[in-house]
**Student:** 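My structure is below; once you've seen it, I'll send some questions.
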Amino acid sequence: MAETIYILNGPNLNLLGKRQPEIYGYDTLADVEAACAEVAEAAGYAIRLLQSNWEGQIIDWIHEARNDAVGIVINPAAFTHTSVAVLDALNTFEGPVLEVHISNVHKREAFRHHSYVSLRADGVIAGFGTEGYALAVRRMVSLLG
Ligand code: DQA
């Protein structure tokens with residue numbers, strides 16, 4: 001069975017494509033999933049893309065990833081800037097972690113400039129739109145190689 005890369009998404013990203021499209025674009029999470037699957041599958045990996053508005057659910061999926069995933073790509077959304085608990089959970093994961101932001105958080109409000117998750121992430125992509133996810137999966141494949 002192919003090894004799995006988890007692609008985790010935090011709050012409000014279920015509305016991707018409808019939510020503030022001037023910032024986040026018109027692609028949906030289903031579009032993101034298709035783009036990531038193409039890159040991963042071409043390299044012999046599977047993906048599991050998940051989204052929750054609940055911090056505890058994200059943490060439970062990170063714990064699950066400890067056994068079921070070889071790498072994590074995560075867009076923690078607003079939890080990026082608030083959650084020590086998500087950071088602590090990621091610190092229990094032994095494989096590579098890549099952080100993705102659709103928008104360029106550094107060009108936005110000051111409260112978006114700090115990321116707890118960046119203390120753990122092996123790389124960060126911000127401001128590449130939804131294309132950032134597939135780029136992160138490509139990088140994940142080379143880190144795993
Ligand atoms: C985001 C940026 C965060 O600041 C914001 O809270 C999000 C999405 C992004 O993908 O650009 O919900 O992570």
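The first residue of the sequence shown is numbered 1, and numbering continues consecutively from there. Just follow the structure's listing: the first ligand is 1, and inside any ligand the first atom is 1. All values below were derived from every heavy atom in this structure, side-chain atoms included, with hydrogens, water molecules and symmetry-related copies excluded.
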**Student:** For residues Thr80 and Glu99, is any side-chain donor paired with an opposing acceptor at under 3.5 Å?
**Tutor:**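 Result is no, nothing qualifies.
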**Student:** If hydrophobic residues (ILVMFWY) are linked whenever their side-chain heavy atoms come closer than 4.5 Å, directly or via other members, who joins Leu135 in its cluster?
**Tutor:**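 When side chains under 4.5 Å apart are linked, the cluster holding Leu135 also contains Ile125, Phe128.
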**Student:** Dump the pairs for me: ligand 1 N or O, protein N or O, distance under 3.5 Å, to 0.1 Å.
**Tutor:**
unit_1	atom_1	unit_2	atom_2	d
ligand 1	4 (O)	His81	NE2	2.7
ligand 1	4 (O)	Arg112	NH1	2.9
ligand 1	6 (O)	Ala78	N	3.3
ligand 1	6 (O)	Arg112	NH1	3.1
ligand 1	10 (O)	Asn75	ND2	2.9
ligand 1	10 (O)	Ile102	N	2.7
ligand 1	11 (O)	Ile102	N	3.2
ligand 1	11 (O)	Ser103	N	2.8
ligand 1	11 (O)	Ser103	OG	2.6
ligand 1	12 (O)	Arg19	NH1	3.3
ligand 1	12 (O)	Arg19	NH2	3.0
ligand 1	13 (O)	Asn75	OD1	2.8
ligand 1	13 (O)	His101	ND1	2.8

**Student:** Output yes when Asp68 and Arg66 qualify as a salt bridge under the 4.0 Å nitrogen-oxygen rule, no when they do not.
**Tutor:**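 So Asp68 does not pair with Arg66 through a salt bridge.
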**Student:** Could you tell me whether the side chains of Tyr6 and Glu64 share a donor-acceptor contact shorter than 3.5 Å?
**Tutor:**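 Yes.
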**Student:** Testing the 3.5 Å rule here: is there a donor-acceptor pair between the side chains of Asp31 and Tyr26?
**Tutor:**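 Their side chains do not contain a donor-acceptor pair, so the 3.5 Å distance test is not met.
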**Student:** Can you tell me if Glu55 and Asn53 form a side-chain donor-acceptor pair at under 3.5 Å?
**Tutor:**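 Asn53 and Glu55 do not have a side-chain donor-acceptor pair below 3.5 Å.
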